[in-house]
Amino acid sequence: MKIWKKGLRLAVAFSLAGSLAACGTGQNQISNAQQAKPNEKVKLVYARGKDVTPGTRKLIAAFEARHPNIQIESREMPADVGQSHDQYVTMFSAKSSEIDVFDLDVVWPAEFAQAGYIWPLNRFIERDHINMNNYIQGAVDAGNYNGKQWAMPKFIDTGLLFYRKDIVKQPPKTWDELIAMAEKTKGEKGTKFGYLMQAKQYEGVVCNFIEFVNAYGGKVIDEKGDVVINSPNTVKGLKKMIQIVQSEYVPSNIKTFTELESHTAFIEGQSPLIRNWPYQYELAQDPAQSKISGKVGVAPLPAGDAGSAAALGGWLIGINKYSKHPQEAWEFVKFMTGAEGQKITALYGGSAPTYLPLYNDAAIKKNELFGNKNFVQGIKAAVPRPVSPIYPKISDIIQIEVSKALAGEQTPKQSVKNMEIKMKEAMKG
Ligand code: GLC
């Protein structure tokens with residue numbers, strides 16, 4: 001699937017060459033940017049989506065302890081990543097300097113780089129001898145565009161199945177087994193549902209869709225960058241997704257569920273099964289927040305006819321092009337994405353390191369999820385979304401057409417056909 005990504009990159013590279021040159025985010029400019037005088041305290045504003053774990057708080061405290069001259073103010077963005085994205089675009093297109101450092105979803109850096117919203121980081125990376133080979137390649141690639149590194153990988157996500165060990169003895173191996181199990185276990189031990197997922201019209205539904213499509217042998221874009229979504233296998237995957245979303249064992253309002261609504265229902269003990277990202281495990285084990293701590297197991301997502309497929313997600317960190325403190329902002333980026341910062345994010349935030357040497361760290365090895373040898377292999381096999389400045393368009397097309405099919409407003413076949421036509425059109429432009 002890496003080739004898929006490369007294919008799309010190639011497809012858009014030609015039309016972008018001109019506009020990128022015009023952006024001219026000269027790396028030299030950064031060294032001339034304002035620098036704090038010695039002893040002067042600098043305040044950085046760091047924005048990220050809602051963190052339901054102690055991870056961000058601990059990360060900031062550890063950084064401030066090491067950098068007494070830099071104070072971090074954290075800004076919480078919406079839980080729906082699409083809404084966060086749109087707020088950033090509004091801010092940056094107005095050249096706002098109100099935030100300095102921010103988390104970027106793996107699907108944003110190409111777009112933000114092309115728009116000139118973020119600093120290229122190569123100069124800092126070279127100056128501070130950061131070896132990018134120490135990071136998971138897929139995560140590095142997500143922040144790399146047009147030969148430059150625009151964002152540093154913070155953590156990596158992959159879709160997983162979490163289950164209640166006190167209800168489910170063996171996690172389901174196939175989607176059909178999951179359906180049978182969700183029907184059977186709904187109502188057991190005070191649960192209200194059998195399965196939870198993300199089905200709102202937003203980025204999360206794209207990830208769930210990609211997982212179904214690939215599990216049934218479908219693809220969105222092939223190795224050459226051609227749109228190949230219109231196939232019987234894609235239709236099959238979408239049909240399975242519809243069967244689940246329209247079932248009696250998911251909440252009747254599942255089409256309003258992002259990660260927040262689904263993980264809340266899960267930790268309140270309302271379902272034996274949930275599809276979510278790695279942070280779910282740490283959250284569900286936290287007795288201060290969860291009613292099911294000690295009862296949670298984790299497994300790969302169930303397989304369709306073509307095997308199991310997980311979407312590749314994750315977050316990187318970038319520096320606002322209009323930040324007044326890029327040097328200090330880099331110090332914070334470096335800390336968060338270095339060994340110490342990523343260890344805090346893994347242990348307190350439950351999110352998977354992108355910094356490979358950490359997988360040999362004793363505390364990380366003890367973690368049930370990250371200590372499992374299959375975990376990194378699983379991440380490397382996860383299905384990425386395209387790295388492209390037109391990704392928001394592709395995502396919107398998928399979101400709209402999948403949502404119509406989930407709502408029963410059009411057949412899966414029609415949705416898939418519409419996606420093909422609209423994507424081809426978008427890629428031409
Ligand atoms: C997680 C993933 C991100 C994805 C999002 C969808 O935050 O890390 O890549 O886009 O979920 O909701």
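What's counted below: heavy atoms across the whole structure, side chains too, no hydrogens, waters or symmetry copies. Whatever order the structure lists them in is the order used to number ligands and atoms, beginning at 1.
- Using a cutoff of 4.0 Å between basic side-chain nitrogens and carboxylate oxygens, Lys291 and Glu268 are not scored as salt-bridged.
- The closest protein non-hydrogen atom to atom 10 (O) of ligand 1 is Asp105 OD2, 2.5 Å.
- No side-chain donor-acceptor contact under 3.5 Å links Ser96 to the backbone of Phe92.
- A distance-only check finds no donor-acceptor pair linking the side chain of Asp105 to the backbone of Trp108 [under 3.5 Å].
- Between Lys422 and Glu425 there is no salt bridge, since no side-chain nitrogen of the basic residue lies less than 4.0 Å from a carboxylate oxygen of the acidic one.
- Annotation: Asp157 places an N or O atom under 3.5 Å from an N or O atom of ligand 1; distance criterion only.
- Shown in contact with Val106 at under 4.0 Å from a heavy atom are these atoms of ligand 1, numbered in order with element: 9 (O).
- In the vicinity of Glu259, heavy-atom distances shorter than 4.0 Å reach the ligand 1 atoms 5 (C), 6 (C), 11 (O), 12 (O).
- Counting all heavy atoms, side chain and backbone alike, Tyr145 lies closest to Pro389 at OH-CG, 3.4 Å.
- Residue-level proximity to ligand 1 for Gln198 is absent, since no heavy atom of it falls below 4.0 angstrom.
- Near Tyr202, meaning under 4.0 Å from one of its heavy atoms, ligand 1 places the atoms 12 (O).
- A cation-pi arrangement is not found for Arg123 relative to Trp119, the charged atom failing to lie both closer than 6.0 Å to the ring centre and inside a 45° cone about the ring normal.
- Heavy-atom contacts of Gly204 reach the following atoms of ligand 1: 6 (C), 12 (O) (cutoff under 4.0 Å).
- In Arg385, the part holding a heavy atom less than 4.0 Å from any atom of ligand 1 is the side chain.
- Shortest contact from atom 7 (O) of ligand 1 to any protein heavy atom: Trp315 NE1, 2.9 Å.
- Trp277 NE1, 3.0 Å is the protein heavy atom nearest to atom 11 (O) of ligand 1.
- Salt bridge Arg75/Glu98: present, at least one basic N to carboxylate O contact under 4.0 Å.
- Remark: the backbone N or O of Pro302 is paired with a side-chain donor or acceptor of Trp175 at under 3.5 angstrom.
- Of all the atoms in ligand 1, the ones that sit under 4.0 Å from a non-hydrogen atom of Gly314 are 2 (C), 3 (C), 8 (O), 9 (O).
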